[in-house]
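Numbered from 1 within each chain, the chains take letters A, B, ... in sequence-line order.
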Amino acid sequence: MPLEDSPSLEEYRQGIPPLPEEIGSMEKPPRRTGRLGWWLAIAALGVVALALAVWNVLRTGNVPNSEAGFGEVVGRVVDAAGNPVRAEILVDVGDMRVQAEPDGRFRLTNVPAGRRALLIGYMYMAREYFVTVRANTTVDVGQITMPSSVREGGYGRLEWR
Amino acid sequence: MGRQRNGHCSTGQGVIEYALILALLAAVAVLGLSAMGVSLQNVFGEVISALSVLGGQQPPSCEVFYQSQFDRGINEWYQLKGGLWSGKWRNIAGKMVGDPLAAALLKSVNQADYVVTAESISLEKVRDTYRGFALIFRAAALGDQLESYMFEFEKKNAADPGLMYFSKWVRGYQVFPPLAQAGVPANFDWDKVQQMRVVVQGDTFIAYINGQEVLRAHDSTYAQGYVGMAVNYGSRATVSNFSVTSIGCP
């Protein structure tokens, strides 16, 4: 730059002037709309993720399986004709099991609260049911129907198909 | 994007927005696949398996846990006795012969993942009902009460075309409906099966009959256990070869 084109000291009396591009930017209002769009997209994705998470929990039943306290499970096991079945009822914790009464009714006490798998077993065959046990409450699983036909040959197993 | 001299971003997107978008996209993708019933663990497992096949790689350790040592007698097998299991396995001329309702577990293999193979299985018809044979895996035996998985083929009676299924045993009870089921392959020979194999890896079980994949199931109740064999009510089985190897052995 020729010496005659150099700024004079007079121009720096108020300090260093801003660069031309910064003058432009200082005059423009802040661009909020672009950023707002991103946050809206984030919020939308968050809502979708939350909805999918809720759907997965509802679909698979993956709720926490350990809660404090103990509850009870009651029910009745019958065969296809409605006759009581003295099935064995097992729970997926420890060695908890009980045999149904002659009228098919059963009561499991001191079942740890949470989502539990009940196994209704009879003649070497079982069906699995899932129940949610709440502390200090009784869950009634109602009437459970087991297959009633014994396998051909009578070797003591239930028929399932 | 405008930028002030001090370097702070005043407009446009910052690192936080980009990170949030990426994280949420990943979460939506994972949750979406899960909602459709796709297991990412299985997908990744299959991808790794496919890549290792493409790359001609074998897993570093191909281990044979057991290989047809029937000539050592029956002592290395634990026989389930009582309850349903009224039959018995015997060793005859270097082959395992199982009576109806016989079940036995190999004492020496208690692992998580493995490949179980039974070969040259001859099935003698003892009764018209419930003919069949089963491979047991990830098993524990509480006296006569089996806790395990089982892959079996079963023919209910003469009119039944037959069924194959994976099932779970819990404290001596076989849980129904099974984990997975399918009809037997076309031209299935109920008197002789050349090879029956189950690949047990993670929560995935794949069954093969004569080298052909026939059924697949998923479950995570039992993480490891013994292997074994069982015979159904209407059959007597003779098995010439039985092996247990690690995953990926040729």
**Item:** salt bridge (Lys or Arg N to Asp or Glu O under 4.0 Å) assessment of B/R171 paired with A/E88
**Value:** CA-CA 11 Å; B/R171 287 186 254 180; A/E88 189 175 33; over 6 Å; no

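The choice from A/G121, A/A41, A/A53, A/A126 that makes the most heavy-atom pairs within less than 4.5 Å of chain B is A/A126. For the options B/L25, B/V170, B/L163, B/L146, heavy-atom pairs under 4.5 Å to chain A are most numerous at B/L163. The choice from A/R127, A/M125, A/R97, A/E128 that makes the most heavy-atom pairs within less than 4.5 Å of chain B is A/M125.
Counting all heavy atoms, side chain and backbone alike, A/L52 lies closest to B/V28 at CD1-O, 3.6 Å. Contact record, A/L119 with B/V175: CD1-CG2, 3.9 Å, taken as the closest heavy-atom pair. Closest heavy-atom contact between A/G46 and B/L24: CA-CD2, 3.7 Å.
The CD1 atom of B/I21 sits 5.0 Å away from the CG atom of A/L45 when rounded to the nearest 0.5 Å. Here the CH2-CG distance, from A/W38 to B/L20, works out to 10.5 Å after rounding to the nearest 0.5 Å.
At most 12 non-hydrogen atoms from other residues, nucleotides or ligands lie less than 6.0 angstrom from OH of B/Y226.
Proximity of a side-chain donor or acceptor of A/Y124 to a complementary backbone N or O of B/Y173 within less than 3.5 Å is not detected.
With a 4.5 Å cut-off on non-hydrogen atoms, B/D128 does not touch chain A at all.
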